[in-house]
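First up is the structure itself, then whatever we jot down about it.
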Amino acid sequence: MNKPLRTIFTFALAFTAAGVLAASTNAQADIIDVPGAVKSIPQVNAGNVLTNYDSSDLKNIDNTSPIGNMDRKYNQGTIDPTQDNAGDTFATTDATTTTANSFKTQWFLPDGFNVTDYQHGNFQSVALDDSGNVYFVESNGSDTNLGVIIKFDTNKLKQLGLENDPMALWNAFNYFNPYTEDGVTHNNQYDDLYESMKDTFKTVKSLTSKEATVKAAMNDLENAKRTTQAKYRKTSSTTKKHLAASLKANAKKMAADRTKLTALQKQIAHGQSQIAKIKAKNPELFKNIEIAETAQLSPQVDIGHGQTLTFNPQNKHLYLVEDNTLTDLRNRDENNTVLEMDPNTMEPIRQYNFKMFQGTKGNLQLHTLVFDKNGNAYWGRKNGMGYMFFYGRLDENSVKFAAAPEKLKTRGGSPNQGVAFNNVNNRIYVVSDDVLTSIPVDKLTAGTATPDDVNYSVFQSKREWECLAFDSQGYGHLLALWPAELMKSTAPLN
């Protein structure tokens with residue numbers, strides 16, 4: 001029963017897509033080679049990167065925040081697989097100071113992506129890039145500092161018609177969960193079907209490769225024909241005879257290649273029809289393979305708390321904060337650790353190690369992180385019943401942070417679930433349970449923000465809000481527990 005889901009993917013897409021050749025190039029994309037402790041990657045040891053500050057010098061924005069969920073008591077739901085689960089809708093309350101809005105379920109996330117048997121749907125972070133991909137961090141649980149990163153191509157999900165199917169991902173990954181009896185049965189069914197079609201697949205793959213070669217040769221012949229015809233129209237009668245012979249030879253080769261291509265395509269069509277017949281024996285199985293193939297799964301890796309995976313729009317890279325304690329660092333010898341990754345390959349680019357000294361004792365630890373479109377970095381932390389922000393840079397050119405000259409006097413939620421940045425309205429958002437608090441970042445860093453500049457979106461979901469990310473249109477994408485689901489605002493957030 002310990003058969004990982006990825007074993008079904010090696011040839012799966014080949015059997016679900018019409019184009020077998022294209023599928024073969026993606027056959028190994030299911031498992032991402034993400035960094036582990038053994039990987040040797042460039043290290044940036046930056047030392048103390050925090051401009052020292054005196055807390056008493058920071059100005060309070062004398063705001064009065066409406067209250068979200070302060071008691072950390074949540075309504076936990078479950079998903080009934082026998083029902084048509086339309087998803088949840090959380091609407092803003094009258095305490096909201098901005099335009100009324102709602103979060104609506106886009107996808108329920110599965111009980112686990114089946115990389116290990118420790119997983120139980122404990123998703124901690126969501127990030128969006130600018131190429132149509134969404135990333136999740138799934139934690140193995142408290143005190144483990146381990147988990148996996150999952151990347152979905154939302155463009156492929158849309159092509160499958162699943163953009164508004166809340167149960168699609170949940171169904172697909174639970175269907176093949178190798179740690180359940182039903183999942184084992186479905187994996188075994190796939191094995192049986194694969195055995196009956198693998199020879200046909202190999203044949204179609206080989207024929208498709210030959211088809212591509214013939215098409216390339218025909219394209220070359222067509223280009224040569226156009227060049228020769230142009231010369232024929234402009235040249236003398238003596239040369240025309242030679243060019244005419246070349247055109248005749250070209251036509252003869254083209255006819256032979258066309259005959260060869262027709263034969264290959266007939267063989268390919270026959271092979272694909274055989275594959276289609278096998279698929280028709282279990283359409284549900286192949287539908288779920290098709291959905292699951294839109295994901296890339298990492299091995300189990302050090303994710304720290306897992307709260308912060310974020311995308312930098314300037315350099316197009318991902319950053320993972322590996323915060324292995326929930327407090328500040330214990331002493332001045334310890335480092336904050338942030339991993340920079342290529343979102344295409346999920347290979348590590350570099351690791352940043354740095355300290356943030358405040359006063360004579362503190363060594364602050366990063367638990368939140370976000371970037372604006374210019375690559376400026378921001379993070380935030382609780383400050384009594386309020387909230388304070390830091391800004392600076394975190395990339396290959398510079399690692400530095402300073403405290404923003406202003407801080408919020410009050411915040412409406414208890415936990416510091418994260419910060420998010422909306423590049424459409426240039427506002428930074430504090431994410432807590434059932435309340436989003438935002439402020440224009442230019443006024444924040446200039447020290448000119450007033451209480452009227454602070455916006456609040458308040459809800460009554462009684463769910464744990466883990467993370468918020470924004471797309472290029474300013475829609476908010478909220479990760480909420482339990483059950484784990486990705487929700488999308490019904491209008492851009494302001």
Side-chain angles (χ1 to χ4, degrees), residues 6-30 131-132 153-163 168 172 176 189-232 243-296 344:
R6 61 182 178 268
T7 59
I8 73 165
F9 283 156
T10 305
F11 298 100
L13 186 58
F15 302 140
T16 58
V20 180
L21 183 63
S24 66
T25 63
N26 295 326
Q28 300 302 322
D30 53 302
S131 300
D153 184 336
T154 60
N155 292 321
K156 290 182 179 179
L157 289 173
K158 290 176 183 177
Q159 290 170 9
L160 294 173
L162 304 177
E163 185 177 14
F176 286 113
Q189 288 173 347
Y190 170 81
D191 283 344
D192 292 342
L193 290 171
Y194 168 67
E195 283 300 316
S196 67
M197 68 200 309
K198 67 178 182 180
D199 289 339
T200 303
F201 165 69
K202 291 178 181 178
T203 299
V204 171
K205 181 181 178 182
S206 175
L207 291 169
T208 305
S209 179
K210 292 177 181 178
E211 178 192 35
T213 300
V214 173
K215 284 183 176 180
M218 292 175 69
N219 185 65
D220 290 342
L221 286 170
E222 189 62 38
N223 289 334
K225 176 183 176 182
R226 284 194 292 267
T227 301
T228 304
Q229 286 175 331
K231 291 180 180 179
Y232 183 87
L243 294 175
S246 295
L247 287 170
K248 186 176 180 180
N250 181 293
K252 186 176 181 180
K253 290 178 182 178
M254 181 68 80
D257 282 347
R258 194 173 289 111
T259 299
K260 187 184 297 184
L261 180 63
T262 299
L264 286 170
Q265 290 177 335
K266 184 177 180 179
Q267 291 175 286
I268 290 171
H270 176 72
Q272 289 177 331
S273 69
Q274 295 299 109
I275 292 172
K277 289 178 182 177
I278 296 174
K279 284 174 54 180
K281 294 179 180 178
N282 196 333
E284 182 182 21
L285 181 145
F286 284 99
K287 176 186 176 182
N288 286 317
I289 288 176
E290 202 168 22
I291 295 170
E293 261 289 320
T294 64
Q296 294 176 278
N344 296 314

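As the structure is a prediction and not an experimental result, all values here were calculated from the model. Hydrogens, waters and symmetry mates are skipped; everything else that's a heavy atom, side chains included, is used.
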Under 3.5 Å, is there a donor-acceptor pair between the side chain of [X] and the main chain of [Y]?
X      : Y      : result
Thr294 : Glu290 : no
Asn250 : Ser246 : no
Thr213 : Ser209 : yes
Ser196 : Leu193 : yes
Thr262 : Arg258 : yes

Inter-residue atom distance [X].[atom1] - [Y].[atom2], 0.5 Å rounding:
X      : Y      : atom1 : atom2 : answer
Leu160 : Asp153 : CG    : CG    : 9.5 Å
Tyr232 : Lys225 : OH    : NZ    : 13.5 Å
Asn288 : Glu293 : CG    : CD    : 12.5 Å
Asn282 : Tyr190 : CG    : OH    : 12.0 Å
Arg226 : Asn223 : CZ    : CG    : 4.5 Å
Ile278 : Lys198 : CD1   : NZ    : 12.5 Å

What are the two closest heavy atoms between [X] and [Y], and how far apart are they?
X      : Y      : answer
Ala172 : Ala292 : CB-N, 4.3 Å
Thr200 : Gly271 : CG2-O, 3.5 Å
Met197 : Ile275 : CE-CG2, 3.5 Å

| message | Between Glu211 and Lys215, is the side-chain contact (heavy atoms from CB on, under 4.5 Å) condition met? List the steps. | response | CA-CA 6 Å; Glu211 178 192 35; Lys215 284 183 176 180; 3.6 Å; yes
| task | With the side chain counted from C-beta on, respond yes when Glu163 and Leu157 share a heavy-atom pair under 4.5 Å apart, and no when they do not. | result | no
| Would you call Leu261 and Asp257 a side-chain contact if the rule is heavy atoms closer than 4.5 Å? | no
